[in-house]
2 protein chains.
Amino acid sequence: MTAPSARTPARERLLDAATDLFHSRGIAATGVDAVLRRAEVAPATLYAHFSGKDGLVAAYLERRFARWREAWDEALAACGDDVLARAVSVFDALATFPSNPGGGDPSAGDDARRGCAFLAAAVEIPGPEHPAHPWLLADSALLRDRLRQLASEAGAHDPDALAGELLALYDGALAARVRAGLLTGDARPVPFPARDLALAAVARHTA
Amino acid sequence: MTAPSARTPARERLLDAATDLFHSRGIAATGVDAVLRRAEVAPATLYAHFSGKDGLVAAYLERRFARWREAWDEALAACGDDVLARAVSVFDALATFPSNPGGGDPSAGDDARRGCAFLAAAVEIPGPEHPAHPWLLADSALLRDRLRQLASEAGAHDPDALAGELLALYDGALAARVRAGLLTGDARPVPFPARDLALAAVARHTA
DNA sequence: GTCTATACGGAGATAGAC
DNA sequence: GTCTATCTCCGTATAGAC
């Protein structure tokens, strides 16, 4: 631990603030001045590090994608050679993400309630011209390709079909968190056992 | 068909324009002036019918919720007494929605590519104070309550669990459309047979 | 690299006539 | 009910000093 006088560099603070705000309030609804205030950074400093708001959005999603892939890598490594566990490792990764290695804001607790950051950004970002678009694509491509590969390794008779089911469980689990957040105040929501359902799906596809 | 001189009332044109733009570009990213241009309506007319942008957003989601519920009602009615078909009727409704009874903009074809309008709005709308919040809640509550009821009618041993699986398939199917839209240019996406998977889930839960 | 101060455009909203 | 014209403020971005 360095002394508190050695502050986190402005670029990191900007990305941490952008992560919190863009994900919790939405990208378009969050002004750069809100990010600046949260990061305690002056406007000109933002434009010294990023091309503008679009560049900041792209950097935010780039970092999030890298961390998400790393979390999945670690979950995969923890599975060893167990092809069944590997096939459902995406749900282990989901349980530990985001781990907040840098920022560490306490409000990140309900981060999970906001669903998939990439799907949410896909709705807000107009077209392929946006500098953040490659990272939206990267997330969907990673999920599609890895789940297909893992389904194949697990011995699925139809890897594409199993991968599709696993992806639906993944997206369904994330959506369930958002819906649970909306319905607070009602009777507590039924927990959604995505990993168990995924294990059952793998079993069906390899029987 | 009425004569073209009898134009659709301004309020309807505003809601049609809001539906197109809010859903395809996002709510916060869409300015009221864009809605006004699309609807060919003057600013003051908007404020004569709605309290402001927030009121327009609420009215848009209210109407969308009503139409969605009607579509599901009709799909249910078409099932008759077949409890198995009724349990998966939400996917029949999904296949016919939105039917565009009023507006009828040709660009509504890729409307499906944008995922669930209520989940998307939930990410963009800050808190329960927003006038549109009740409609976000209504969508999740309708899905939860109806799916549970239908799962129970179908004879599921654990209606809550089956309802959760059906909801995951529903959200998974909508998310799959968004991901498919992102990955265009790649090999064509594998179609996601949500209704068939739902039928299988019902069968497992009633065996 | 980071700051203060400011320019500029667009977005939400209103006034008042028809 | 609908229009034209306008007002204000906020959000994005830049200029120039330290």
Side-chain angles (χ1 to χ4, degrees), chain A residues 2-61 102 121 124-127 129-132, chain B residues 2-61 102 121 124-127 129-132:
Chain A
T2 52
S5 62
R7 287 178 85 197
T8 310
R11 186 190 156 88
E12 281 298 304
R13 294 208 310 282
L14 283 167
L15 282 173
D16 290 339
T19 298
D20 282 348
L21 295 172
F22 286 158
H23 192 226
S24 67
R25 303 183 192 176
I27 292 172
T30 301
V32 286
D33 62 329
V35 177
L36 294 171
R37 262 183 278 115
R38 168 75 66 103
E40 295 180 316
V41 161
T45 306
L46 189 157
Y47 294 94
H49 288 283
F50 305 98
S51 64
K53 182 179 181 178
D54 286 355
L56 178 62
V57 172
Y60 145 64
L61 288 173
E124 297 207 67
I125 288 174
E129 315 81 23
H130 195 289
Chain B
T2 52
S5 59
R7 285 179 86 196
T8 311
R11 186 189 156 90
E12 281 297 305
R13 294 207 310 279
L14 283 167
L15 282 174
D16 290 339
T19 299
D20 281 349
L21 295 172
F22 287 157
H23 192 227
S24 68
R25 304 183 190 174
I27 293 172
T30 302
V32 284
D33 62 329
V35 178
L36 294 171
R37 261 183 277 115
R38 169 73 66 104
E40 294 180 317
V41 161
T45 306
L46 189 156
Y47 294 94
H49 287 283
F50 306 97
S51 64
K53 182 178 181 178
D54 286 355
L56 179 62
V57 172
Y60 144 64
L61 288 172
E124 297 207 67
I125 288 174
E129 315 82 22
H130 195 288

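Sequence lines set the chain letters: A, B, ... in the order given, protein chains first and strands last, and positions in each chain run from 1.
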### Message
Suppose we screen for salt bridge (Lys or Arg N to Asp or Glu O under 4.0 Å). Which residues come up paired with D54(A), at least two apart in sequence or across chains?
### Response
none

### Message
Testing the basics here: between R13(A) and E40(A), what is the closest heavy-atom pair and its distance to 0.1 Å?
### Response
NH2-O, 3.1 Å

#### Entry: Pairs meeting criterion ring pair (Phe, Tyr, Trp, His ring centres under 6.0 Å) with involvement of residues 24-57 of chain B, two or more places apart
none

### Task
Flag the pair L46(A) / K53(A) as yes when at least one side-chain heavy-atom distance between them is below 4.5 Å, and no otherwise.
no

### Task
Send over the distance from L21(A) CG to dT12(D) C1', rounded to a whole Å.
16 Å

All N/O donor-acceptor pairs, side-chain side in residues 21-30 of chain A, below 3.5 Å, sequence neighbours left out:
residue: H23(A); atom: ND1; partner: D111(A); partner atom: OD2; Å: 3.0
residue: H23(A); atom: NE2; partner: G115(A); partner atom: O; Å: 3.3
residue: S24(A); atom: OG; partner: D20(A); partner atom: O; Å: 2.8
residue: T30(A); atom: OG1; partner: L21(A); partner atom: O; Å: 3.4
residue: T30(A); atom: OG1; partner: G26(A); partner atom: O; Å: 2.6

### Stepwise side-chain contact (heavy atoms from CB on, under 4.5 Å) test for L36(A) and T45(A)
CA-CA 9 Å; L36(A) 294 171; T45(A) 306; over 6 Å; no

### Summary
Within residues 24-37 of chain A, those residues having any heavy atom closer than 4.0 Å to DNA chain C are none

### Message
Is there a side-chain contact (heavy atoms from CB on, under 4.5 Å) between H130(B) and V57(B)? Walk through the geometry before answering.
### Response
CA-CA 9 Å; H130(B) 195 288; V57(B) 172; 4.0 Å; yes

### Task
Could you identify which residues of residues 41-54 of chain B place a heavy atom less than 4.0 Å from some atom of DNA chain C, listed by residue number, or say none?
P43(B), A44(B), Y47(B), G52(B), K53(B)

### Message
For A17(B), give me all partners under side chain to side chain contact (heavy atoms under 4.5 Å, CB included), at least two apart in sequence or on another chain.
### Response
V35(B), R38(B), A39(B)

